[in-house]
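Predicted model, so just to flag it, every value in this text is computed and none were measured. No hydrogens, no waters, no symmetry mates; every other heavy atom, side chains included, goes into these values. As the structure lists them, so they are numbered: ligands from 1, and atoms in each ligand from 1.
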Amino acid sequence: ATLHRLWPEIEKVVKQEVAMAKLGVGESGTGWQLFAEDGEMRMYRREEEVDGMVVDPLKAVHVVKGITGRELCHYFFNPQYRYDWETTLEHMNVLETISEDTLIFHQTHKRIWPASQRDVVFWSHLRRLPNDQDRDGPDIWTVVNNSTEHPDHPANAGKCVRIFLTVCLLCQTRVDPPKAGAPVSRDDITCKITYCSVVNPGGWAPASVLRAVYKREYPKFLKRFTAYVKNQTKDKPIMY
Ligand SMILES: CCCc1ccc(-c2ccc(S(=O)(=O)CCO)cc2)cc1[C@H]1C[C@H]1c1ccccn1
């Protein structure tokens, strides 16, 4: 994959997105406004418009027990599971397999009335990062999705409006030492998840409709996705 034309961009965007995801939401007043809470999940957004279009950056933080960051990123990255947890997905296609940890996707998403239907083309990269806080601790895992062009799917050539997105799922795992001599079980594992996304809807859509959709869909997505991974892994050996 080091020879692929996209490699320099992938390296740059992954470094940028991981650095951003590691930044907290800071004290209130840094522009991040809490818009949804559910147990350990906190969802923040900044209200931003580009050319009159809502592109509200989103940052979600969540803490889940019993699964590792590698497991979360495995089920987020691999196409064969996507229809199980991505409820707004209508169609998904892998356009290119750059390497075992780097794919290019085309996806069409269900139409959100009254806006027209959207599609997206993005590269997706799965990366293991050293745990900079605790050298002996489990590695950090991330998946970064970033819009890209592809000759087979030129933007706005069909019925769909092309959206542009950058998404980062960053997962930091903690293992609490079990009782002396006991093996580590899923009860000893905690994963801190940061999910950042910026979606440019690509064409005009009513700000009120988009903000309502994000307010409804993002909390639903993160709850459904983490519950899906817990269910998929509960009887399997732990993947670090
Ligand atoms: C007008 C924009 C419509 C729209 C297009 C696309 C997406 C979207 C695409 C990809 C990803 S992902 O994190 O890369 C996971 C792979 O699918 C997340 C979101 C979301 C929305 C909107 C429908 C909303 C939404 C928000 C959150 C989750 C799912 N859907």
Worksheet, complete the sentence: min-distance protein heavy atom vs atom 10 (C) of ligand 1 -> Leu165 CD2, 3.6 Å

Discussion item. Could you tell me if the side chain of Lys59 sits less than 4.5 Å from the side chain of Met20, heavy atoms only?
Written reply: no

Item to complete: Show which atoms of ligand 1 fall inside a sub-4.0 Å distance from at least one heavy-atom site of Gln107.
Response: 16 (C), 17 (O)

Worksheet entry | Test of proximity, Glu217 against ligand 1: N or O pairs below 3.5 Å | no

Fill in: Short side-chain to backbone donor-acceptor contact, Thr142 and Arg127, under 3.5 Å
no

Worksheet item: Hey, are the side chains of Arg174 and Asp134 touching, using non-hydrogen atoms and a 4.5 Å cut-off?
Response: no

Discussion item. Using a 4.0 Å cut-off to any heavy atom of Thr88, which atoms of ligand 1 qualify?
Written reply: 29 (C), 30 (N)

Worksheet item: What protein heavy atom is closest to atom 2 (C) of ligand 1, reported as residue, atom name and distance in Å?
Response: Tyr214 OH, 4.1 Å

Worksheet item: Considering only the protein, which heavy-atom contact is closest to atom 14 (O) of ligand 1, and what is its distance?
Response: Asn145 ND2, 2.8 Å

Fill in: Distance-only side-chain donor-acceptor flag, Asp84 / Tyr228, under 3.5 Å
yes

Worksheet item: If we only count N/O pairs under 3.5 Å, is Tyr195 in contact with ligand 1?
Response: yes

Worksheet item: How about Val167 and Phe76: do any of their side-chain heavy atoms sit closer than 4.5 Å?
Response: yes

Worksheet item: For Tyr218, is the NZ or CZ atom of Arg45 found under 6.0 angstrom from the centre of its six-membered ring and inside 45 degrees of the ring axis?
Response: no

Worksheet, complete the sentence: For Val213, the ligand 1 atoms with a heavy-atom partner under 4.0 Å come out as 23 (C), 24 (C)

Fill in: atom 6 (C) of ligand 1 [closest protein heavy-atom partner, distance rounded to 0.1 Å]
Ile163 CD1, 3.3 Å

Discussion item. Under 4.0 Å from atom 20 (C) of ligand 1, is there at least one protein heavy atom?
Written reply: no

Practice prompt. Please examine the side chains of Trp123 and Glu9, heavy atoms only from C-beta on, and report whether any two atoms are closer than 4.5 Å.
Written response: yes

Worksheet item: What part of Leu210, side chain from CB on, backbone N/CA/C/O, both or neither, has a heavy atom under 4.0 Å from ligand 1?
Response: side chain

Practice prompt. Please determine which of Trp7, Phe105, Trp141 meets the ring pair (Phe, Tyr, Trp, His ring centres under 6.0 Å) test together with His125.
Written response: Trp7

Worksheet entry | Sub-3.5 Å N/O-N/O distance, Trp85 and ligand 1 | no

Fill in: Region of Met92 engaging ligand 1 - heavy atom pairs below 4.0 Å
neither

Discussion item. Test of understanding: clusters of I, L, V, M, F, W, Y form through side-chain heavy atoms closer than 4.5 Å, transitively. Do Met43 and Leu165 belong to the same one?
Written reply: yes

Practice prompt. Tell me which protein heavy atom sits closest to atom 8 (C) of ligand 1, plus the residue, atom name and distance to 0.1 Å.
Written response: His109 CE1, 3.8 Å

Worksheet item: Heavy-atom distance under 4.5 Å between the side chains of Val198 and Glu48, does that happen here?
Response: no

Worksheet entry | Any N or O of Glu86 closer than 3.5 Å to N or O of ligand 1 | yes

Worksheet item: Can you tell me the protein heavy atom closest to atom 3 (C) of ligand 1 and the distance?
Response: Ile112 CD1, 3.8 Å

Item to complete: Would you tell me whether His74 and Gln232 have side-chain atoms, one donor and one acceptor, within less than 3.5 Å of each other?
Response: no

Worksheet entry | Residue part near ligand 1, for Phe105, under 4.0 Å between non-hydrogen atoms | neither

